[in-house]
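Right, one structure below, let's go through it.
Since this is a predicted model, take the numbers as computed values, not measurements.
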Amino acid sequence: MVSPPHEAMHRIFQHDPGLFSRVSRFLGVDIPAPVKATALPTDLTETNPVERRVDTLLRLETADQGSFILAVEAQGKKHPDKPASWAYYTAYLWTKYRLPTALLVVCQDPATARWAQQPVSCGPPQLPALTVQPLVAGPHNMPVITDPEEARADLVLASLAAITHAAEPDVDVILKALSTALRDAPEDVAKPLIEFTAQGLAKRPAKNLWRNLVAVDLSFYTSYLAEEVRAEVRKEVRAEVRQEVRAEVRQEVRAEVRQEVQAEVRDEALTQGEARRAAADVLAVLAERGLPVSDAVREVIDGCDDPETLSRWLRRAVTASTAEDVVSGA
């Protein structure tokens, strides 16, 4: 799966093809600024089933040195198969377009950058038929742009500097300078650079700083970075709203349950009142008839709370020979 930093490291050259000539001076070469640039298909697959694609491919035309092909590769880590792929890209493009072909590898890791810039030959040491040694842009040679005025002079280069230094201690200062410079830039200039920088920072700690810095720009709220923040905020707000709704529903349910319990308690109270009155009636009939009532029988009658049982006992009390006959057999 292609990562956001991988995309940012090469797509920024599609956004501004002239960036390569400005970067070249930091790589120890002098490439003239192009007067024209054309994006070329990145599919380098031949008729065989092996698929090969370069990240970014440009045809740059200069006033003094003619045209040349520039292949830009983003490399996140060391990979033993990459030099062979780069050799294929270079040879294939040279053969297809019959133009000088340059290869630029962009890295964020110093160790990967050192590995990528080492010359690799496809033949034995004594027969180096084809040697690949790409130009490498990374934290070891990209400028540390900490002055907003310097960043403002070349916003795209400043963005690339931030991307290549994403894991370096200086990235916070670079981001602050870039964000300050972008505040004065038109929205159509600032917006893609905000997004390139955000992609290049990926999930590194500096990403949070970048989001806070660019939040002062109104155009930020319609950008890719804003959508990412909005998704996070939406998740947080959804959790908060869920708790609030649960609390509201809990109060409503509590009120309904309270009414139900009140009705139940009221019914229980009425039933108990009726039972006490019915028990008193049974005892009154027995007393009227002059039948002695033992403490045990009185306790049974007073302890009964079933209206139907008490009604039955009341009928028995009218004809029973003893108080014990009234409650016998319940």
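Under a hydrophobic-cluster definition in which Ile, Leu, Val, Met, Phe, Trp and Tyr are linked whenever side-chain heavy atoms come within less than 4.5 Å, directly or via other members, L99 and L93 are assigned to the same cluster. There is a path of hydrophobic side-chain contacts, each under 4.5 Å, that joins L58 to V29. Taking hydrophobic clusters as Ile, Leu, Val, Met, Phe, Trp and Tyr residues chained together by side-chain heavy-atom distances below 4.5 Å, I145 shares a cluster with L209. Residues V326 and V318 share a single hydrophobic cluster, defined by chaining ILVMFWY side chains whose heavy atoms lie under 4.5 Å apart.
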Does the side chain to side chain donor-acceptor pair (under 3.5 Å) test come out yes or no for Q14 and T56, once each step is laid out? CA-CA 7 Å; Q14 296 178 23; T56 285; 2.6 Å; yes
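Inspection of the T90 and T101 side chains reveals no N or O donor paired with an N or O acceptor under 3.5 Å. Residues S311 and R315 have side chains that bring a donor and an acceptor to within less than 3.5 angstrom of each other. Looking only at atom types and distance, the side chain of Q75 has no donor-acceptor partner in the side chain of T112 under 3.5 Å away. A donor and an acceptor atom, one from each side chain of D325 and T322, are located under 3.5 Å apart.
Side-chain atoms of R289 come within 3.5 Å of backbone N or O of A320 as a donor-acceptor pair. At distances below 3.5 Å, at least one donor-acceptor pair connects side-chain atoms of N212 with backbone N or O atoms of N208. With hydrogens and angles ignored, the 3.5 Å screen pairs a side-chain donor or acceptor of D55 with a backbone N or O of A74. Checking side-chain atoms of D64 against main-chain N and O of P32 turns up no donor-acceptor pair under 3.5 Å. Under the 3.5 Å distance criterion, the side-chain polar atoms of T180 are matched with a main-chain donor or acceptor of K176. A donor-acceptor pair is defined here as one N or O able to donate and one able to accept, closer than 3.5 Å; no such pair exists between the side chain of D302 and the backbone of E299.
The existence of a salt bridge linking D154 and R22 is confirmed by a sub-4.0 Å separation between a basic side-chain nitrogen and an acidic carboxylate oxygen.
A heavy-atom distance below 4.5 Å is not found between the side chains of V245 and R242. Two residues are said to be in side-chain contact when any heavy atoms from C-beta on lie closer than 4.5 Å; L160 and V106 meet this criterion. Side-chain contact between E73 and K82: present, with at least one pair of heavy atoms (C-beta onward) separated by less than 4.5 Å. Considering only heavy atoms from C-beta on, I301 comes within 4.5 Å of L283 through its side chain. For the pair Q108 and H165, the minimum side-chain heavy-atom distance is 4.5 Å or more. For the pair V120/Q133, no side-chain contact is recorded, criterion being any heavy-atom separation below 4.5 Å from C-beta on. Residues S67 and T62 have side chains not in contact (no heavy-atom distance under 4.5 Å, counting atoms from C-beta outward). In this structure, the side chains of V105 and W86 come closer than 4.5 Å at one or more pairs of heavy atoms.
Here the options are T197, L175, I194, the test is side-chain contact (heavy atoms from CB on, under 4.5 Å), and the partner is L213; only L175 passes.
Heavy atoms of other residues, nucleotides or ligands lying less than 6.0 angstrom from CD of E308 number 12 at most.
Y92 and Y88 have parallel rings, their planes meeting at less than 30° on a 0 to 90° scale where 60° marks the start of perpendicular.
Here the CZ atom belonging to F196 is positioned 4.5 Å from the CZ atom belonging to R11, to the nearest 0.5 angstrom. To the nearest 0.5 Å, atom NZ of residue K235 and atom CD of residue E240 are 13.5 Å apart. Here the SG atom belonging to C304 is positioned 4.0 Å from the CG atom belonging to L310, to the nearest 0.5 angstrom. Taking SG of C107 as the start and CE of M9 as the end, the distance is 7.0 Å to the nearest 0.5 Å.
Residues meeting the salt bridge (charged side-chain N to carboxylate O under 4.0 Å, His left out) test with D184, sequence neighbours left out: R152.
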